J.: 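Here it is, the structure, as structure tokens.
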Amino acid sequence: MSKNLIYDIHDKPKFSNMLIFALQQLLAILAATIAVPTIIGLPTQIPAAIFGAGVGTLVYQLFTRFKSPVFLGSSFAFLSSLGVALAYGYCGILLGSIVAGLVYVVLAIIIHFVGTGWVAKLMPPVIIGPTVTLIGLSLAGAAMGDIVKASSPQPNAGYNLAALFCGLVTFFTVVICSTQKRYTMPRLIPFILGIAAGYIVASLLTVVGDLAGIDYLKIINWKPFVDNFVDAEGNFRGIAAIFSFPDFALVESIKELISGDVAPEVLAANANAKVIDLGGIAEVVIAFLPVALVVFAEHIADHKNLSTIIERDLIEDPGLKRTLLGDGVGSIAGTAFGICPNTTYGESVGCVAITRNASVATITTTAIMCLVLSFISPIMTLLQTIPNCVMGGVCLTLYGFIAVSGLKMFKDLDLNENKNLFVVSAILIAGIGGLTVQIPYAIADNGVVAKTIQITAIATALILGIVTNAVLTKIEKSKLGKETSAESDDKKE
């Protein structure tokens with residue numbers, strides 16, 4: 001067992017403790033998991049996203065033989081691709097997920113026959129280190145944007161000093177609980193305690209704001225929770241107020257094909273949406289295929305990062321082919337029985353790093369908890385009332401740990417060597433600067449680009465780093481070869 005871990009990957013905490021630890025993992029990944037369906041215009045599918053995350057994680061754990069303590073959730077990498085897919089309803093989303101998942105499966109098959117040596121050469125520490133750092137830094141803007149936001153629909157919904165106070169209460173509670181040495185349990189559940197502290201302070205300010213009529217202090221919006229129990233006329237919603245059935249993409253896709261119409265919520269998100277046809281199939285494949293190839297590199301970075309935390313090389317055991325199969329098949333299953341393609345979560349990795357709880361049993365329990373809770377309406381809506389500022393306080397620690405984990409990989413790099421310096425610089429500056437690649441694939445009649453596929457900034461920076469490293473390595477070998485040849489000629493003379 002690693003000396004840096006309180007619970008190693010095969011350890012099983014007491015059942016009562018494990019439920020608490022699983023809830024903490026759920027809270028850590030909650031904001032990002034529910035954000036994706038909201039961003040693409042399907043906020044009503046949040047329960048399906050949570051259910052799908054649970055399914056995807058269980059599939060991943062099965063393929064990795066329960067050796068990798070990480071949770072899978074809705075992937076931000078496919079946001080632009082999901083925008084294209086949504087034009088063809090749930091069928092488009094499901095097809096895109098299948099395409100992305102099959103890319104992982106094909107790569108896993110290649111690795112099975114060829115091995116992982118080429119991966120190590122393609123992405124050495126000089127590339128993985130800054131990429132992991134970049135993943136954390138790229139999320140900083142979102143976290144700091146949230147920490148100053150309230151969740152109430154008041155007119156001044158921008159910067160809110162009261163919200164910042166709640167976020168900082170959350171942050172310092174997490175920090176103090178994680179660093180104190182006297183009690184073990186607070187070190188294991190700092191996020192639960194932090195969210196609870198921030199939520200209590202936000203609730204008190206909201207109550208004062210309601211009583212005094214001060215919108216600025218209304219941090220929490222409880223309306224979704226109230227609406228869960230009563231309809232617009234004030235009538236109790238009956239059994240639907242307690243239990244609800246998530247709308248799975250697979251079921252909704254079948255409905256679309258049978259009826260010939262896309263679902264109303266899809267039309268609300270995209271008024272021009274239609275049932276998928278041959279042209280739509282081609283468009284969705286084009287939108288997802290290149291992004292899936294690039295996300296493969298992010299998959300490597302996530303698992304390298306997690307490996308340094310748990311002090312076990314996940315690329316070797318359970319092996320890259322198994323993690324890829326788990327991620328790919330898990331993403332397909334998570335979309336079919338959910339709504340979005342999944343990916344391994346940096347927030348989950350950060351939670352493992354801070355709590356030092358790498359128990360896979362905890363991750364598995366979290367996945368099962370997602371399956372159960374997605375059917376319980378009051379809990380789903382209550383979780384959604386956690387204000388932005390409180391989650392921002394949590395993410396201030398989580399994203400920071402992701403960035404620092406990448407920096408730790410720099411310790412073996414010689415940054416006095418120009419080759420390493422240029423590779424690291426290319427990745428960090430391109431990524432932080434927001435360089436993206438937009439590939440046009442549809443031209444309007446007037447010659448203007450009508451549709452593009454966007455490669456994210458992280459993926460673009462990673463590609464640039466790989467190319468830069470490959471070019472400089474080639475030049476370095478060529479120069480070394482000429483010098484060796486010259487020395488050989490001198491000896492002959």
Side-chain angles (χ1 to χ4, degrees), residues 9 52-78 81 94-125 127-128 131-132 135 250 284-308 310 312-338 340-346 348-349 360 363-364 367 455-456 458-459 462-463 466:
I9 57 173
V55 171
T57 301
L58 289 176
V59 171
Y60 173 83
Q61 292 300 337
L62 287 170
F63 273 97
T64 57
R65 298 177 177 176
F66 298 91
K67 293 182 178 181
S68 180
V70 65
F71 192 90
L72 272 63
S74 308
S75 174
F76 278 77
F78 292 105
S81 303
L94 184 58
L95 173 63
S97 174
I98 292 172
V99 170
L102 287 178
V103 168
Y104 275 32
V105 171
V106 171
L107 288 170
I109 293 173
I110 293 173
I111 289 171
H112 175 72
F113 289 104
V114 179
T116 60
W118 63 276
V119 177
K121 291 180 180 178
L122 187 67
M123 286 174 283
I127 290 175
I128 294 296
T131 300
V132 171
I135 290 172
L250 176 61
V284 170
V285 171
I286 291 172
F288 276 82
L289 190 60
V291 179
L293 286 168
V294 174
V295 173
F296 162 65
E298 294 184 15
H299 176 96
I300 303 291
D302 281 341
H303 286 80
K304 284 284 189 180
N305 185 18
L306 185 59
S307 295
T308 61
I310 65 174
R312 295 170 183 264
D313 190 352
L314 297 174
I315 304 301
E316 294 298 325
D317 185 23
L320 185 56
K321 67 178 181 181
R322 288 189 173 276
T323 64
L324 282 170
L325 282 172
D327 207 342
V329 178
S331 185
I332 295 173
T335 305
F337 299 98
C340 307
N342 293 334
T343 189
T344 50
Y345 259 15
S348 177
V349 175
V360 175
I363 301 294
T364 304
I455 307 298
T456 64
I458 294 176
L462 183 56
I463 293 172
I466 290 173

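Nothing here was measured: the structure is a model prediction, and the numbers come from that model.
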J.: So do the side chains of Val284 and Val99 get within less than 4.5 Å of each other, counting heavy atoms only?
T.: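 No, too far: nothing below the 4.5 Å cut-off.
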
J.: Side chains of Val329 and Tyr104: closer than 4.5 Å at any heavy-atom pair?
T.: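 When only atoms from C-beta onward are counted, Tyr104 and Val329 do not touch, as no gap falls below 4.5 Å.
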
J.: Distance from Leu102 atom CG to Leu289 atom CG, nearest 0.5 Å?
T.: 10.0 Å

J.: Do Asp327 and Thr343 make a side-chain contact, defined as non-hydrogen atoms from C-beta onward lying under 4.5 Å apart?
T.: yes

J.: Quick check for you: to the nearest 0.5 Å, what is the distance between Ile9 atom CD1 and Ile363 atom CD1?
T.: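 Between atom CD1 of Ile9 and atom CD1 of Ile363 there are 11.5 Å.
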
J.: Where is the tightest heavy-atom contact between Ser348 and Pro69, given as atom of each residue plus distance?
T.: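 Shortest heavy-atom contact: OG-O, 4.4 Å.
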
J.: Roughly how far apart are Leu58 CG and Phe66 CZ, rounded to 0.5 Å?
T.: 7.5 Å

J.: Is the shortest heavy-atom distance from the side chain of Leu324 to the side chain of Ile111 under 4.5 Å?
T.: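 In short, these two side chains touch, coming nearer than 4.5 Å.
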
J.: If I compare all heavy atoms of Gly326 with all of Phe63, which pair ends up nearest, and what's the gap?
T.: CA-CB, 3.6 Å

J.: Any side-chain heavy atom of Leu320 sitting closer than 4.5 Å to one from His299?
T.: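 A side-chain contact exists here, since the closest heavy-atom pair is under 4.5 Å.
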
J.: Just verifying a value: how many Å separate Ile109 CD1 and Lys321 NZ, rounded to the nearest 0.5 Å?
T.: 10.5 Å

J.: Are any side-chain N or O atoms of Ser75 and backbone N or O atoms of Asn342, one a donor and one an acceptor, separated by less than 3.5 Å?
T.: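 No.
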
J.: Could you measure the distance from the CZ atom of Arg322 to the NE2 atom of His112? Nearest 0.5 Å is fine.
T.: 10.0 Å

J.: Quick one: does Val70's side chain get under 4.5 Å of Tyr60's, heavy atoms only?
T.: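 In contact.
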
J.: Are Lys67 and Asp317 ion-paired here, with the side-chain N under 4.0 Å from a carboxylate O?
T.: yes

J.: Taking the side chain as everything from C-beta on, heavy atoms only, tell me whether Val132 gets closer than 4.5 Å to Lys304.
T.: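 Of all side-chain heavy-atom pairs linking Lys304 with Val132, none is under 4.5 Å.
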
J.: So, do Ile300 and Ile128 sit near enough that their side-chain heavy atoms are less than 4.5 Å apart?
T.: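 Side chain of Ile300 against side chain of Ile128, heavy atoms only: contact under 4.5 Å found.
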
J.: Which pair of heavy atoms, one from Thr116 and one from Glu316, lies closest together, and at what distance?
T.: OG1-OE2, 4.1 Å

J.: If we ignore hydrogens and angles and just use 3.5 Å, is the side chain of Ser97 paired with the main-chain N or O of Leu94 as donor and acceptor?
T.: no

J.: How far apart are the closest heavy atoms of Pro318 and Thr323, and which atoms are they?
T.: CG-CG2, 4.1 Å

J.: Of the non-hydrogen atoms in Leu122 and Ile127, which two are nearest, and what is the gap between them?
T.: O-CD1, 3.5 Å

J.: Can you see which heavy atom on Thr57 is nearest to which on Leu72, and at what distance?
T.: OG1-N, 3.0 Å

